[in-house]
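The next block holds one structure in the form of structure tokens; read it before the comments.
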Amino acid sequence: MNNVKPTLCLKKISKSFKQGSQNLEVLKGVDLEIMPGEIVALIGPSGSGKSTLLQIAGLLDRPSKGEITLDEMKCGKLGDGMRTALRRDYLGFVYQYHNLLADFDATENVMLPQMIAGVNAGTAREKSRWLLERLGLGKRLKHRPAELSGGEQQRVAIARAIVNEPKVLLLDEPLGALDLKLRQDMQYELIRLKNELG
Ligand code: ADP
Ligand code: MG
């Protein structure tokens with residue numbers, strides 16, 4: 001027996017949406033434990049509630065029932081300010097549709113979360129470049145989102161989500177815009193980065 005605790009734990013999570021007089025039950029008592037260093041793939045048909053579950057796990061939405069625990073911290077009764085702080089310090093999120101800032105280039109988009117966390121501009125720029133190069137974007141450092149392909153934008157969004165080395169990285173179909181070869185390369189690169197950065 002060991003006593004390693006899950007980094008992220010979902011207990012009996014239910015979620016329903018009110019649609020007029022109807023109650024749409026999307027999640028019905030989902031249990032999920034993610035251990036430190038573990039990679040988990042959530043697989044299911046379109047509309048089965050994957051994004052809903054990720055939004056709840058990422059503290060972007062609240063469940064109708066159930067409890068979320070991050071590093072043994074119960075998140076259910078926390079106020080919005082505390083949840084925002086936890087999102088910033090613990091979680092990285094890549095959405096199905098990236099939301100890069102249009103007026104900033106790739107490097108600057110990856111610098112921003114670091115500078116918000118108090119890293120100085122020089123160090124933030126260096127780490128952004130290093131990470132973008134690792135993700136195959138070494139020749140796109142100065143490109144703005146509109147000058148990048150969908151797959152390149154998505155890789156910048158991945159770099160932005162992992163640059164502060166969050167304990168939990170939540171990815172919602174992040175590689176869908178990439179072709180098969182690039183998708184596999186990215187999967188291996190993400191695994192290597194996880195092993196390196198923890
Ligand atoms: P997936 O990501 O697996 O494709 P989603 O989690 O996006 O599925 O959606 C699951 C179901 O919940 C869908 O039927 C969707 O219409 C419904 N749903 C998601 N968000 C809302 C919402 N804000 N209001 C009402 N229904 C929603
Ligand atoms: Mg989805």
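Order of listing sets the numbers, starting from 1, for every ligand and every atom in it. Because only heavy atoms are used, hydrogens play no part in the values below, and waters and symmetry mates are left out as well, while side chains stay in.
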- Message: Check Lys194 with Glu38, please: is the shortest side-chain N to carboxylate O separation under 4.0 Å?
- Response: no
- Item | Salt bridge flag under 4.0 Å for residues Lys167 and Asp71 | yes
- Message: I'd like the residue list for ligand 1, meaning every protein residue with a non-hydrogen atom under 4.0 Å from the ligand.
- Response: Phe17, Gln19, Leu24, Val26, Pro45, Ser46, Gly47, Ser48, Gly49, Lys50, Ser51, Thr52
- Could you give the distance from CG (Leu91) to CG (Leu8), rounded to the nearest 0.5 Å? 8.0 Å
- Query: Counting only protein N/O/S, how many atoms fall short of 2.8 Å from the Mg ion (ligand 2)?
  - Reply: 1
- Quick one: does Ser51's side chain get under 4.5 Å of Asp172's, heavy atoms only? yes
- Message: List the residues meeting side-chain hydrogen bond (donor to acceptor under 3.5 Å, both in side chains) with Asp89, not counting sequence neighbours, and say none if there are none.
- Response: none
- Check for a donor-acceptor pair, side chain of Lys142 on one end and backbone N or O of Asp105 on the other, with a separation under 3.5 Å. no
- Judged by atom type as modelled, is there a donor-acceptor pair below 3.5 Å linking the side chain of Ser149 to the main-chain atoms of Glu152? yes
- Whether Ser128 side chain and Ala124 backbone form a donor-acceptor pair below 3.5 Å: yes
- Item | Listed once per pair and sorted, the salt bridge (charged side-chain N to carboxylate O under 4.0 Å, His left out) pairs that draw on residues 110-131, sequence neighbours left out | Lys127-Glu165
